[in-house]
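Each chain gets a letter, A, B and so on, in the order its sequence line appears, and its residues count up from 1.
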Amino acid sequence: MTQQSLGVQRVAPFLAAGFFTLLWIFTLGPGVYLEEAPILSHWHYIAFSSVCHALADRTYLFDGIQMAVNSRCFGIFSGVMWGAWLHALIPWFAVWIEETWPKRLAWMALVWFAIQVVDVAGNQGGLWVNTLDSRAILGFGFGLFLVYSIQEAFHFTSN
Amino acid sequence: MSDQELSQSSGSPFSIILLYGLIFGIVSTVLQIAMGYVQINSEPSGSFFGPTAIGGVVTCFLTAFAGFLAVRAIVKEGNPVMSFGQGSLVGVQIALVITVASVALSQVWYLIDPGYADGIIRSTIANMEQMPNIPDEAIDSTVESLQKQFTLTGVLQTAAISAVVLMIVNVLTSLLAVKLFAQKDEF
């Protein structure tokens, strides 16, 4: 491997982490730069509308203005961002887990997704009441494992 | 090309992407429209979590994991080797197919039933009026947003902006499927 490709290998995870940080900032919604709440067809809300319902009573406020995604999705996008940074800053840890227990992280991501489905169903069925924070924490686990399990994708390989 | 390579390449990944994209696009749009009718025909509950919101939750789970299921199908259909780059492409393509299918189907439905948009707006106003401490400005803002979203320009703008996030999410879930189901390949 040349010095140049080695350099790219080291930079790529940081680029990915930067990208997911930018995406996370977008999830904070228009409260980041607006003082008054915009109409609901603001591009921040529309951007995430295909993947998140962002109902007002299930969404955090940022600086008094509704965020672009609900608390669970905010947790997921936060987990994605932190997973990417964790990989960029401590790359050997994910590699060690992957080599010790192949695909274990990916299966953990699926388990965390199943937990989301169970949580939504249990709450809707009246078995328990989830909160903004509990949804965000469960979402965080899924996002973290999702990105951490596919960390190899953020490496460039030279042929 | 050996026989094995030939049989592996005969399963067309694009036809699977098209099929899964159309299925998920149509199912999610039909579900949203159906839940819209449930909302129109039900009494206002004064809760944000109405029929359209339930449809929204199911739809977001479906559309987010379309890439995951498409990659799994491609791998099972005789393309066991897939790189992360190819997996990402599946995520992007399936998000585009879902977006186009949703826009086309919803536009056709608004032509078939022109009263649908008005019904949704009226039921939303009635529902919000039942909510405690909702200022008139919030209702006006919601109505303004809905009216915009039901125009052709609004639909196209919404589709173009939301397709970007849909692509990102589907790329992530597609990569997860590559990790779980595909044999390793270099980029």
Side-chain angles (χ1 to χ4, degrees), chain A residues 19-20 23 26-27 36-59 66 68-70 72-73 76-77 80 83 98 102-103 105-107 109-110 113 116-117 120-121 123-124 142-143 145-147 149-159, chain B residues 28 47-50 52-61 63-65 68 83-85 87-88 95 98-99 102 131 134 137-138 140-149 154 157-166 168-181 184 186-187:
Chain A
F19 173 77
F20 289 124
L23 190 66
F26 286 146
T27 67
E36 285 189 19
I39 59 169
L40 289 174
S41 58
H42 190 274
W43 70 268
H44 260 285
Y45 301 119
I46 286 177
F48 293 90
S49 61
S50 59
V51 291
C52 178
H53 60 65
L55 293 174
D57 61 346
R58 289 169 175 247
T59 305
Q66 189 180 322
V69 294
N70 64 35
R72 190 185 303 278
C73 290
I76 293 172
F77 283 107
V80 165
E98 203 50 55
K103 297 189 179 181
L105 286 168
W107 285 114
L110 276 191
F113 177 73
Q116 316 298 317
V117 177
V120 170
N123 183 63
Q124 281 307 109
F142 172 56
F145 279 104
L146 174 62
V147 159
S149 64
I150 55 172
Q151 42 84 23
E152 293 160 67
F154 308 127
H155 288 171
F156 292 127
T157 54
S158 58
N159 293 318
Chain B
S28 61
S47 165
F48 281 109
F49 207 78
T52 49
I54 294 169
V57 172
V58 178
T59 301
C60 74
F61 278 147
T63 51
F65 268 79
F68 180 89
S83 69
F84 282 117
S88 304
I98 288 174
T99 304
S102 298
M131 295 175 186
I134 289 283
E137 296 81 45
D140 292 343
S141 165
T142 307
V143 170
E144 194 186 334
S145 299
L146 283 172
Q147 282 170 338
K148 270 189 182 175
Q149 283 176 29
Q157 273 180 351
T158 302
I161 300 171
S162 65
V164 177
V165 175
L166 191 61
I168 295 169
V169 170
N170 269 290
V171 165
L172 288 175
T173 57
S174 297
L175 291 175
L176 184 64
V178 171
K179 178 79 190 176
L180 283 170
F181 306 118
K184 268 194 176 178
E186 296 301 314
F187 279 74

Go through the atoms of [X] and report whether side chain, backbone, both or neither lie under 4.5 Å from a heavy atom of chain B.
{"X": "A:Arg72", "answer": "neither"}
{"X": "A:Gln151", "answer": "neither"}
{"X": "A:Phe145", "answer": "neither"}

| From B:Ile168 CD1 over to A:Phe26 CZ, what is the distance, rounded to the nearest 0.5 angstrom? |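 B:Ile168 atom CD1 to A:Phe26 atom CZ measures 9.0 Å (nearest 0.5 Å).
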| task | Could you tell me the separation between the OG1 atom of B:Thr173 and the CG atom of A:Leu146, rounded to the nearest 0.5 Å? | result |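 The OG1 atom of B:Thr173 sits 7.5 Å away from the CG atom of A:Leu146.
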| query | What part of B:Lys179 lies closer than 4.5 angstrom to a heavy atom of chain A: side chain, backbone, both or neither? | reply | both
Over all atoms of both residues, closest heavy-atom pair of [X] and [Y]:
{"X": "B:Cys60", "Y": "A:Cys52", "answer": "CB-N, 4.0 Å"}
{"X": "A:Ala106", "Y": "B:Leu180", "answer": "CB-CD2, 3.5 Å"}
{"X": "A:Glu152", "Y": "B:Phe84", "answer": "CB-CE1, 3.6 Å"}
{"X": "A:Ser49", "Y": "B:Ser162", "answer": "OG-CB, 3.9 Å"}

| Those residues that, when tested against A:Gln66, pass side-chain hydrogen bond (donor to acceptor under 3.5 Å, both in side chains) (two or more places apart) | none
| request: Show your reasoning for whether side chain to side chain contact (heavy atoms under 4.5 Å, CB included) applies to A:Phe113 and B:Phe61. | output: CA-CA 10 Å; A:Phe113 177 73; B:Phe61 278 147; 3.7 Å; yes
| task | Output all residues satisfying side-chain contact (heavy atoms from CB on, under 4.5 Å) with B:Val169, sequence neighbours left out; order by chain, then residue number. | result | A:Val51, A:Phe77, B:Ala64, B:Val165
| Heavy-atom side-chain contact between B:Val178 and A:Ile150 under 4.5 Å | no
